[in-house]
Asks: 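Structure in structure tokens, see below.
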Amino acid sequence: MINKIVSNTAEAVADIFDGATIMISGFGEAGSPVELIHALVDQGARNLTVVSNNAGSGHVGLAALIENRQVGKIICSFPRTSISVVFPELYRNGEIELELVPQGTLAERIRAGGSGIPAFYTRTSVNTQLAENKELRSFNNKEYVLEKAIVADFALVKCHEADKYGNLIYNKTARNFGPVMCMAAKTTIVQARKIIEVGEIDPECVVTPGIFVHRVVEISNPADESKLVAEERRYPWK
Amino acid sequence: MINKIVSNTAEAVADIFDGATIMISGFGEAGSPVELIHALVDQGARNLTVVSNNAGSGHVGLAALIENRQVGKIICSFPRTSISVVFPELYRNGEIELELVPQGTLAERIRAGGSGIPAFYTRTSVNTQLAENKELRSFNNKEYVLEKAIVADFALVKCHEADKYGNLIYNKTARNFGPVMCMAAKTTIVQARKIIEVGEIDPECVVTPGIFVHRVVEISNPADESKLVAEERRYPWK
Amino acid sequence: MEIKEKLGWSVNEMAQNVARDIQDGAYVNLGIGMPELVAGFIPEGREVIYHTENGLLGMGAVAVPGTEDPELVNAGKKYVTAIPGAAYFHHADSFAMIRGGHIDICVLGAYQVSEEGDLANWSTGVVDAIPAVGGAMDLVAGVETIFVITKHCTKNGDPKIVKKCTYPLTGKNVVSSIYSDLAIIDVIDKRLVVRELAPGVSFEILQQQTGATLHKSKLSE
Amino acid sequence: MEIKEKLGWSVNEMAQNVARDIQDGAYVNLGIGMPELVAGFIPEGREVIYHTENGLLGMGAVAVPGTEDPELVNAGKKYVTAIPGAAYFHHADSFAMIRGGHIDICVLGAYQVSEEGDLANWSTGVVDAIPAVGGAMDLVAGVETIFVITKHCTKNGDPKIVKKCTYPLTGKNVVSSIYSDLAIIDVIDKRLVVRELAPGVSFEILQQQTGATLHKSKLSE
């Protein structure tokens with residue numbers, strides 16, 4: 001019988017392997033699965049390719065994963081924030097590879113990956129550096145660039161509430177990349193603020209249907225990344 | 001100030017012009033905007049290209065529009081049902097053109113149209129008649145077919161509830177093509193079972209945000225197409 | 001003819017054979033007609049979630065007469081129900097589930113299946129027929145495991161399992177297994193391997209009713 | 001320098017100039033920084049719906065201190081609010097709105113704008129800088145009307161409106177109008193046409209501060 005609930009984050013991320021591609025939800029701290037990322041720091045898989053909109057802040061969450069030298073490459077739209085210190089340092093030292101992708105193209109490449117669409121065309125980035133070495137093609141006398149799908153071995157996603165089928169709802173703008181990342185990973189691992197009974201989510205309001213979710217772990221009081229950063233905390237906790 | 005509510009279906013469809021491309025929501029009768037279609041029969045625009053999953057039943061709704069010789073071409077996945085009589089007759093007489101599209105490709109071509117994606121690749125229909133004369137291309141050693149976006153001048157869509165901003169929610173499987181068609185038309189015209197106050201729809205549960213909707217008309221007791229067909233009704237009503 | 005009609009499995013037994021091969025927790029799409037019977041035979045203790053491509057995951061039983069909702073239908077436009085934990089979504093999202101490989105199993109009917117697992121089930125190719133494809137091509141292209149449930153032969157006694165399909169294809173090399181009234185046949189490396197024979201059916205009888213070369217598996221020997 | 005600093009419009013007046021050109025009922029995306037000020041100056045009687053690309057249509061004011069929700073932010077990661085009638089959606093849906101041409105107006109800052117309406121606002125091209133693009137390229141490619149709000153010159157006094165951008169482009173031929181502290185300039189048929197001069201600014205002074213040829217409109221003559 002279907003029950004996707006796992007008891008803790010360590011169990012949830014146990015099988016992430018060296019060299020895996022991992023999608024990580026969030027737009028800044030909103031929707032970032034900090035506890036799952038920290039479990040991955042503990043777990044220690046290395047040489048990961050991370051797909052995420054940003055590259056982490058301070059020394060916690062995604063920044064901690066990068067600082068722990070577990071990430072070989074990051075695919076993202078905006079790796080720079082006023083409080084990002086880890087990524088810039090490693091990037092300048094040539095210790096981490098960056099594939100910079102416009103934000104909407106990133107979202108659509110992930111959706112394509114989850115939807116069995118290997119490639120699509122978009123106007124975004126035409127006539128810019130980011131379209132260099134990419135294939136161009138005209139439709140109706142306008143030029144478009146060919147963009148390829150992104151898929152992942154795992155997705156780490158934060159949601160608001162989940163049931164044991166893996167149906168998810170999100171909270172406000174913390175939804176962001178969660179739904180498309182759930183679709184595009186072989187194994188989708190979700191941390192939910194609350195696990196609720198099957199049937200409690202109105203079927204009209206399910207955002208991510210359970211078919212896209214493989215594991216759910218309850219984290220009832222997830223960390224506020226911005227608070228941890230303000231307090232200059234570091235993971236692993238000292 | 002924003003108020004997309006119009007007072008009746010005649011006003012809602014008044015500017016549909018000869019030769020326009022019209023998307024019509026619905027999967028069979030579920031989600032079919034029967035009253036808007038009937039207003040279009042009354043309005044009389046001709047030589048329309050209709051994009052819809054089916055081709056109508058009996059002599060009402062989309063079948064009535066076709067029977068009234070207003071449709072020059074239909075783009076659809078399944079024009080044949082046990083009670084479709086109008087389309088088959090006109091098709092056999094060469095009086096209507098058919099572009100047959102696999103259902104998922106149809107949905108995705110419409111979503112692409114609404115999303116600024118001129119074309120995408122899919123596995124669907126590779127090695128079949130429906131891929132003849134279409135461009136093939138390999139990605140990761142699998143063959144895919146290039147499919148182009150569909151856009152429309154107008155969409156006629158049925159929903160459950162709407163507010164004056166044009167935010168929509170649907171009812172169960174009557175949702176089907178509505179949300180993607182709203183995105184892909186220059187002018188989206190919606191019939192809602194009920195018009196409600198702005199703020200009554202939970203922002204987490206809005207299915208079609210108002211940005212995709214231009215006109216809303218309240219039809220509080222929409223016809224059951226299957227009942228009309230069973231009663232052998234014909235539109236215009238005798 | 002007398003003998004032939006008594007040979008093999010009933011339609012319900014065929015559906016049962018398919019159901020036996022659907023694992024616990026599977027996400028399954030059932031085609032219109034005979035495939036719909038499969039839901040009634042899932043073995044006790046297994047939970048299966050049904051997807052219908054018109055926008056519902058967690059489809060329940062057919063609606064009880066008197067409770068039908070014309071806005072809650074399956075892909076065959078039958079009035080159905082939704083289970084607790086169901087989700088509604090639009091058509092593009094629904095086919096993203098299909099095309100993206102998220103549905104585990106799809107059970108379909110067939111006009112013909114070839115020895116390489118090609119499927120023809122959307123058009124008989126008759127010139128005057130109204131062409132209609134629905135979601136068939138999307139399903140065979142997107143779902144990893146395609147089970148075909150079909151009578152072994154047509155009403156005229158022509159084999160439906162053939163060397164090469166003469167009807168227009170729905171998809172090439174897509175069928176995993178065939179559940180007929182006479183046998184269960186797996187398509188393995190472009191060969192038809194007989195996994196199980198219906199009671200009273202010998203390999204030789206089966207081969208006579210089949211338009212392509214069959215191979216024995218350990219079990220059917 | 002004294003004179004120069006007193007010339008022209010204040011930042012608030014610049015925002016007001018932009019706001020005046022946003023019609024009732026418009027769907028608008030405001031870039032990070034100076035563009036955010038525009039929302040405060042929409043003329044009475046007009047209703048404008050704000051889109052933020054991280055998944056909200058119907059963004060309201062900045063959150064009152066003490067009521068901030070870290071899961072309700074705008075594209076600049078500022079704590080904001082949502083109006084009644086708002087909708088949340090995921091990132092692919094959000095950029096479908098942008099790429100699909102559904103947003104009427106986007107207001108952005110600029111490093112440089114060329115006389116043909118090319119915009120450079122994502123990278124200064126400095127070798128050691130960390131490249132970051134965000135949604136800028138999607139916005140200029142997808143939104144029909146791009147308003148640029150910018151100081152006419154850099155802090156060093158270099159013109160930001162130039163014949164050809166030297167910084168990496170965000171998009172080519174994308175800018176509709178430029179709202180600077182010295183003038184409002186429309187890009188019409190790949191020419192810079194001065195629509196309005198700030199108080200105390202003559203066409204000649206403006207031309208001196210500009211790295212591309214300006215053209216007079218009837219209004220600025």
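All figures in this text were calculated on a predicted structure; none of them were measured in a lab. Just so it is clear: chains get the letters A, B, ... in the order the sequence lines come, proteins before strands, and each one is counted from 1.
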Asks: B:His38 and B:Tyr235: aromatic ring centres closer than 6.0 Å?
Replies: yes
Asks: Carefully, step by step, assess B:Arg193 and B:Glu161 under the rule salt bridge (Lys or Arg N to Asp or Glu O under 4.0 Å).
Replies: CA-CA 6 Å; B:Arg193 206 171 267 114; B:Glu161 295 183 332; over 6 Å; no
Asks: Would you please test C:Glu71 and B:Lys172 for salt bridge (Lys or Arg N to Asp or Glu O under 4.0 Å) and show each step?
Replies: CA-CA 6 Å; C:Glu71 299 200 323; B:Lys172 306 188 183 76; over 6 Å; no
Asks: Given heavy-atom pairs under 4.5 angstrom as the criterion, report whether the side chain, backbone, both or neither of B:Ser226 touches chain C.
Replies: side chain
Asks: Side chain, backbone, both or neither: which part of B:Phe87 has an atom under 4.5 Å from a heavy atom of chain C?
Replies: side chain
Asks: Among B:Tyr170, B:Tyr91, B:Phe78, which residue has the highest count of heavy-atom pairs closer than 4.5 Å to chain C?
Replies: B:Phe78
Asks: If you count heavy-atom pairs within less than 4.5 Å of chain B, which of C:Leu56, C:Val140, C:Asp69 leads?
Replies: C:Asp69
Asks: Output the option from C:Pro131, C:Ala141, C:Ala92, C:Ala86 having the highest count of non-hydrogen pairs under 4.5 Å with chain B.
Replies: C:Pro131
Asks: Below 4.5 Å from any heavy atom of chain B, which atoms of C:Ser123 appear? Answer side chain, backbone, both or neither.
Replies: neither
Asks: Looking only at heavy atoms and a cut-off of under 4.5 Å, which of C:Gly55, C:Ala75, C:Ala120 has the most pairs with chain B?
Replies: C:Ala75
Asks: State the NZ-OG1 distance between C:Lys160 and C:Thr150, to the nearest 0.5 angstrom.
Replies: 3.0 Å
Asks: Quick check on the interface: out of B:Ala107, B:Ser77, B:Gly178, who has the most heavy-atom pairs with chain C under 4.5 Å?
Replies: B:Ser77
Asks: For the interface with chain B, which of C:Asp128, C:Ile98, C:Leu169 has the highest count of heavy-atom pairs at distances below 4.5 Å?
Replies: C:Asp128
Asks: How close do B:Ile169 and B:Cys159 get, counting heavy atoms only, and between which atoms?
Replies: O-CB, 3.5 Å
Asks: Is chain B contacted by the side chain of C:Asn74, its backbone, both, or neither, given a heavy-atom distance below 4.5 Å?
Replies: backbone
Asks: Measuring heavy-atom distances to chain B, does C:Phe95 have an atom under 4.5 Å in its side chain, in its backbone, in both, or in neither?
Replies: side chain
Asks: Does a donor on one side chain sit under 3.5 Å from an acceptor on the other, for C:Asp138 and B:Gln103?
Replies: no
Asks: With a 6.0 Å cut-off (strictly less than), is the heavy-atom count around CD of B:Glu89, excluding the residue itself, greater than 12?
Replies: no
Asks: Under 4.5 Å from any heavy atom of chain C, what part of B:Val207 do you find: side chain, backbone, both or neither?
Replies: neither
Asks: Kindly check if the number of other-residue, nucleotide or ligand heavy atoms within 6.0 Å of CD (C:Gln23) is above 12?
Replies: yes
Asks: Quick check on B:Lys158 against chain C: is it the side chain, the backbone, both or neither that has a heavy atom closer than 4.5 Å?
Replies: side chain
Asks: Go through the atoms of C:Ile130 and report whether side chain, backbone, both or neither lie under 4.5 Å from a heavy atom of chain B.
Replies: both
Asks: Tell me, side chain or backbone of B:Ile110 under 4.5 Å from chain C's heavy atoms, or both, or neither?
Replies: neither
Asks: Verify whether the ring centers belonging to C:His91 and B:Phe177 lie closer than 6.0 Å.
Replies: yes
Asks: Most heavy-atom pairs under 4.5 angstrom with chain C, which of B:Glu225, B:Arg109, B:Lys227, B:Glu108?
Replies: B:Glu108
Asks: Counting only heavy atoms not in C:Glu144 (residues, nucleotides, ligands), do more than 12 fall under 6.0 Å from its CD?
Replies: no
Asks: Validate the cation-pi geometry between C:Lys77 and B:Phe27: distance from NZ or CZ to the six-membered ring centre under 6.0 Å, angle to the ring axis within 45°.
Replies: yes
Asks: With a 4.5 angstrom heavy-atom cut-off, could you sort out which part of B:Asp224 is near chain C: side chain, backbone, both or neither?
Replies: side chain
